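Residue numbering restarts at 1 for every chain, and letters A, B, ... go by the order of the sequence lines. Keep in mind that what you see is a predicted model, and the values were worked out from it rather than measured.
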Number of protein chains: 2
Amino acid sequence: MNGRPRIKDIAQRLGVSPATVSRALTGTGLVAEPTLSRIREAARAMNYRPNVSARNLRTRRSMSVLMVVRDIGNPFYLEVMKGVEQAAREAGYSVLMGNTESNPERETEYFDMLRDGHADGMILMTGKLPAGLDAAGIAISDLPLVVALETIEGSGLPHVRIDNLAAAREAVRHLVGLGHRRIAHLTGPLPEIMSRLRRDGWRAAMHDAGLAVPEAYEQRGDYLLRSGQALCAILCDLPEPPTAIFCANDEMAFGAIHELRRRGLDVPGDVSVVGFDDIYLSEVIFPPLTTVSQPRAEIGRAAMSLLLQVIGGDEVAAEPIVLPTMLKIRGTTGPAGTSG
Amino acid sequence: MNGRPRIKDIAQRLGVSPATVSRALTGTGLVAEPTLSRIREAARAMNYRPNVSARNLRTRRSMSVLMVVRDIGNPFYLEVMKGVEQAAREAGYSVLMGNTESNPERETEYFDMLRDGHADGMILMTGKLPAGLDAAGIAISDLPLVVALETIEGSGLPHVRIDNLAAAREAVRHLVGLGHRRIAHLTGPLPEIMSRLRRDGWRAAMHDAGLAVPEAYEQRGDYLLRSGQALCAILCDLPEPPTAIFCANDEMAFGAIHELRRRGLDVPGDVSVVGFDDIYLSEVIFPPLTTVSQPRAEIGRAAMSLLLQVIGGDEVAAEPIVLPTMLKIRGTTGPAGTSG
DNA sequence: TTGAAAGCGCTACCAC
DNA sequence: GTGGTAGCGCTTTCAA
């Protein structure tokens, strides 16, 4: 009686077998009504809690999943996580957060956690798989994996994402519609497919409008604020600076706006800026940011549902799930100036 | 050989006992050098990973901790989490995130997770303990608990926090120094000690400066953006509106600034605003927010270190650990107008 | 409908 | 140093 009660303690107290107690408490087995309520009653009275390690060992499941992101410091993931957590909770799962910081070693580490029983499945929000998985004789497609936000080319894994190209195209079309002709783009890290898609969307929209795409108008960034700021400075120093900048994410857009202001330029009076992601506070900065909004919580929920199917061994559609985006037209975009 | 290898498989392959393999792999026991490297080699070759459930069951530890916050959607916690995670990783622990959403039921749930072996300890960043713990015969002080950011009065738990009162006082003193005399305050939820301390810091600074504190200058908020906006509107409509507003957190400060702008008032030309927390993007909004910066990552690290001590059964100082804050004077505060 | 008992995979005790 | 082995607490056959 010292310490927490075990199933055995309940069984002894009630004069039944541990097996019966287990069945009653898990709700699976058939247990006669009087016994059932007696056991439940006793469990509550004794403040019983099943030991998860023992249960997990026996059932070979951990009832938790891993959500792995590039940078846990990025608030963008928060709402996605909320969606994941919600769907997970409903299914009785816990969510473990993994942070790779784009460190390959840590990516591998999370794959290890899958193998050692820490988690039953994993939602990857990183753009790539750790190297050396094949070498280790591990077939990706056999692992309970789901990819969200990003795309891992050729992996054949279930995906949940948005149509990055179409969304970027629409955003740039909005600028074109405002009369802008000199529209620049700050890209994300181009090795990644997501950055390339957004860039291609920008190019496509420019092409649609019959506009030139000077090489200098495509500046390569890394999604961070500082790069938005620095690249914007480069654009401003061009002989023919752009009148509008489409940024591959909101952070870079903030950085760009910061730099424009620093130079005494008005947004959107002199230069229009469009972001991507609609992160926390985008709506609240001044002027509020025009940006592409992703259904973040939805993405999280969908990814978790998909993962539950994978874990459950169900067949999962090969087609990626594509969720709709919305262009939020707010205060950082306006008509092109007469000089544009 | 089908499926993942067990310790037994390695043992058989090498003709040693499972006990030796376990000792070699955990690094604890004394194992002779030749055996040691043979085992390590075989483990790597066979791609062995220990089963955590089995290990946890046996060792009665989970090697993970729970970090419980009020609202996982609040970016403020991100950097704290980073600190926690870092310290945890160094000690070989994983971090589980808990989100109470101020729901008492969920608070209890996380305490349950402590009991069922999900975690070895818990860092509370919520302002209170769930009700009914005593009723359940659980002595708080026996639980491996640490409180960070917040304060749980009379709990006798180890704490890591900042000096909220002094920090608030300093922030308001800064406004006084700029010549402001009509300084209002948007509070957090006042049942909570942290909100009260910040409020008291404001009052103290006003008192220090011999300034009046009209009742209407203390507006009660809830840390959310909307409340900052709404309460700021009330202040603006006062017969004698304030020339400066000290907000109990940055989100409310953003809301207030938003409202001031909406009314065509200039920040800081017409009204100065000070926040608290120095959240993500505070530096980047325009003008950048003057605010009290907390050493978030430090707080997380310190809390985790403290928790490790508690888990390890060490004596922990009864005195709370108080980390220093810094007033970041940026763009939203300026001299009081001549009318002020 | 219930009980007996095996065993999930590991660690740690006790021998040698 | 190493091996044998008990057992962590639970679920789940198999029998009754």
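For the pair B:Thr59 (side chain) and B:Arg55 (backbone), a donor-acceptor distance under 3.5 Å is present. Checking side-chain atoms of B:Thr151 against main-chain N and O of B:Ile193 turns up no donor-acceptor pair under 3.5 Å.
For B:Lys82 and A:Asp71, the salt-bridge test passes: some basic side-chain N is under 4.0 Å from an acidic carboxylate O. Ion pair A:Glu107/A:Arg70 not flagged as a salt bridge, since none of the NZ, NE, NH1 or NH2 atoms sits closer than 4.0 Å to an Asp/Glu carboxylate oxygen. Using a cutoff of 4.0 Å between basic side-chain nitrogens and carboxylate oxygens, A:Glu298 and A:Arg301 are scored as salt-bridged.
Put simply, CZ on B:Arg38 is 16 Å from P on D:dG1, counting in whole angstrom units.
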| request: Could you run through nucleotides 8-16 of chain D and give me one letter per nucleotide, 5' to 3': B if any protein heavy atom sits under 4.0 Å from the base, S if only the sugar-phosphate is that close, - if neither? | output: BBBBBB---
Sequence neighbours left out, cut at 3.5 Å: what donor-acceptor pairs do the side chains of residues 121-131 of chain A make with other protein atoms?
| unit_1 | atom_1 | unit_2 | atom_2 | d |
| --- | --- | --- | --- | --- |
| A:Thr126 | OG1 | A:Lys128 | O | 3.4 |

Return a table of donor-acceptor pairs under 3.5 angstrom between the side chains of residues 307-316 of chain B and protein atoms on other chains or two or more places apart.
none

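Where DNA chain C meets chain B (any atom under 4.0 Å from a heavy atom), the bounding nucleotides read 5' to 3' are C:dG9 to C:dC13.
Side-chain contact check for B:Arg60 and A:Asn51: no donor-acceptor pair (N or O, by modelled atom type) lies under 3.5 Å. Side-chain atoms of B:Asp120 and B:Ser62 form a donor-acceptor pair, as typed in the model, at a separation below 3.5 Å.
The salt bridge (charged side-chain N to carboxylate O under 4.0 Å, His left out) contacts involving residues 84-102 of chain B comprise A:Arg106-B:Glu85, A:Glu109-B:Arg89, B:Glu101-B:Arg106, where partners must be two or more places apart or lie in separate chains.
In the helix from C:dT1-D:dA16 to C:dC16-D:dG1, the terminal helix axes, each the rotation mapping four pairs' C1' atoms onto the next four within five end pairs, subtend 30°, rounded to 10°.
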